[in-house]
Amino acid sequence: MTHIPFENRPAGCKDPLWRYSKNPIIDRYHIPTSNSIFNSAVVPFGDGFAGVFRCDNKAVQMNIFAGFSKDGIHWDINPDPIQFEAGNTDMIVSEYKYDPRVTWIEDRYWITWCNGYNGPTIGIGYTFDFKTFYQCENAFLPFNRNGVLFPQKINGKYALLSRPSDNGHTPFGDIFVSFSPDMKFWGEHRCVMRPTPFEESAWQCTKIGAGPIPILTDEGWLLFYHGVITTCNGYRYSMGAALLDREHPEKVLFRSRFYLLGPAAPYELQGDVPNVVFPCAALTEGNKVCVYYGAADTVTALAFGYIDEIIAFVKQHHYNGNLPK
């Protein structure tokens with residue numbers, strides 16, 4: 001069995017998530033052309049792990065790259081971006097690709113990302129081996145970001161979380177769920193969560209977006225997500241969590257009022273975009289969870305926790321107002 005990366009809670013720490021002592025695990029210059037490597041997705045693969053990484057080059061062109069690791073910490077990332085072949089449609093123009101997520105569903109690894117097609121929308125593709133990749137039909141019209149698939153069908157349909165947006169750095173954003181019979185045509189769009197009132201939970205009062213692939217627990221889908229507050233110094237991104245109903249993921253059972261992890265370490269506070277903790281992947285092993293997150297839009301870092309403690313924290317410090325019925 002391949003064990004996930006994990007480091008025990010530091011002495012004296014009572015937080016639900018704690019940082020890896022050797023963060024960041026991937027530096028901004030990890031491959032020769034990169035300006036930054038962050039907001040990336042990782043899954044178990046073979047006797048180790050595979051991933052799809054956001055690497056912005058030194059022209060600050062955004063693209064996604066494949067990589068492999070034996071331990072989930074030390075990564076060999078292909079220095080050339082992924083080249084897609086046609087999947088369930090003709091090849092689609094892609095002006096940029098960023099912020100990927102990856103999950104295994106049924107017989108292949110599905111990848112979603114923010115795809116540049118007359119503005120940002122949700123790109124979808126798949127691979128069997130992280131060497132050959134197929135690009136499918138975009139899920140939605142522009143503008144949309146943070147496309148996150150559930151790791152199994154729900155009521156016989158694929159399910160996808162997203163955040164409708166605009167063409168810029170959106171000062172708003174709700175999490176929606178959409179469904180598809182075939183991973184090509186999407187509908188039944190339902191609102192899941194909205195930003196909170198400033199006075200109730202300010203860290204997530206500007207916009208929110210889904211993070212890693214949801215984790216199925218006995219109490220529902222555990223969803224890590226990011227929340228944003230607009231401060232006098234710009235946006236500040238933190239990580240929270242919610243529990244969604246197993247059969248009806250548009251129904252929120254519990255939701256963080258307190259954040260789980262906010263920018264505090266130097267590599268989260270300083271970088272191309274300061275004050276950012278942006279979760280994109282989570283690995284589980286029993287009760288353990290390892291969360292990969294982008295820090296300051298510059299490097300990749302890890303945080304660890306226990307699923308039962310995170311659920312208990314969300315329940316204890318929950319926000320139940322302003323939820324769609």
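Model, not experiment: these values are computed from the prediction. Scope of the values below: all heavy atoms of this structure, side chains included, with no hydrogens, waters or symmetry mates.
For an aromatic pair to be called close, the ring centres must be under 6.0 Å apart, and Phe84 with Trp113 satisfies this. Taking the six-membered ring wherever Trp is involved, the centroid distance between the rings of Tyr134 and Trp110 does not fall below 6.0 Å.
Crowding of Lys58 atom NZ: a count of heavy atoms from other residues, nucleotides or ligands under 6.0 Å exceeding 12.
For the ring-ring contact (aromatic ring centres under 6.0 Å, His included) with Trp104, the lone residue among Phe45, Phe130, Tyr126, Tyr109 that qualifies is Tyr109. Just one residue in the list Thr103, Ile215, Leu216 forms a side chain to side chain contact (heavy atoms under 4.5 Å, CB included) with Pro151, and that residue is Thr103. The only member of Trp75, Phe38, Phe65 that meets ring-ring contact (aromatic ring centres under 6.0 Å, His included) when paired with Phe53 is Trp75.
Both the sub-6.0 Å distance and the 45° axial angle are not jointly satisfied by Lys207 relative to the ring of Phe172. Remark: Arg255 is not positioned above the aromatic ring of Tyr319, lacking an NZ or CZ atom under 6.0 angstrom from the ring centre and at most 45 degrees off the axis.
Taken together through direct or relayed side-chain contacts under 4.5 Å among Ile, Leu, Val, Met, Phe, Trp and Tyr, Met239 and Phe254 form part of one hydrophobic cluster.
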ask   = Is there a side chain to side chain donor-acceptor pair (under 3.5 Å) between Asp56 and Asn35 once you walk through the steps?
value = CA-CA 6 Å; Asp56 294 4; Asn35 167 78; 5.4 Å; no
Test ring pair (Phe, Tyr, Trp, His ring centres under 6.0 Å) on Phe6 and Tyr306 and set out the steps.
CA-CA 10 Å; Phe6 198 81; Tyr306 295 104; 5.4 Å; yes
Problem - Chi angles and distances behind the side chain to side chain donor-acceptor pair (under 3.5 Å) call for Thr231, Arg236 - result: CA-CA 7 Å; Thr231 74; Arg236 180 180 187 268; over 6 Å; no
For ring pair (Phe, Tyr, Trp, His ring centres under 6.0 Å), just list the numbers for His169 and Tyr235, CA-CA rounded to whole Å, side-chain angles, deciding distance to a tenth of an Å, and then say yes or no. CA-CA 10 Å; His169 296 288; Tyr235 289 157; 7.6 Å; no
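Using the six-membered ring where Trp is involved, Tyr20 and Phe304 have ring planes that are perpendicular, over 60° apart on the 30 and 60° scheme. Ring geometry for Tyr259 versus Trp203: interplanar angle over 60°, hence perpendicular rather than tilted (30 to 60°). Using a 30° and 60° split on the angle between ring planes, His189 and Phe140 fall in the perpendicular class, above 60°.
Put simply, the side chain of Lys153 reaches to within 4.5 Å of the side chain of Glu106, judged on heavy atoms. Using a 4.5 Å heavy-atom cutoff, the side chains of Val252 and Leu244 are in contact. With a 4.5 Å cut-off on side-chain heavy atoms, Asn23 and Leu302 count as touching.
Between Glu7 and Lys22, none of the side-chain N atoms (NZ, or NE/NH1/NH2) sits under 4.0 Å from a carboxylate O, so this pair counts as no salt bridge.
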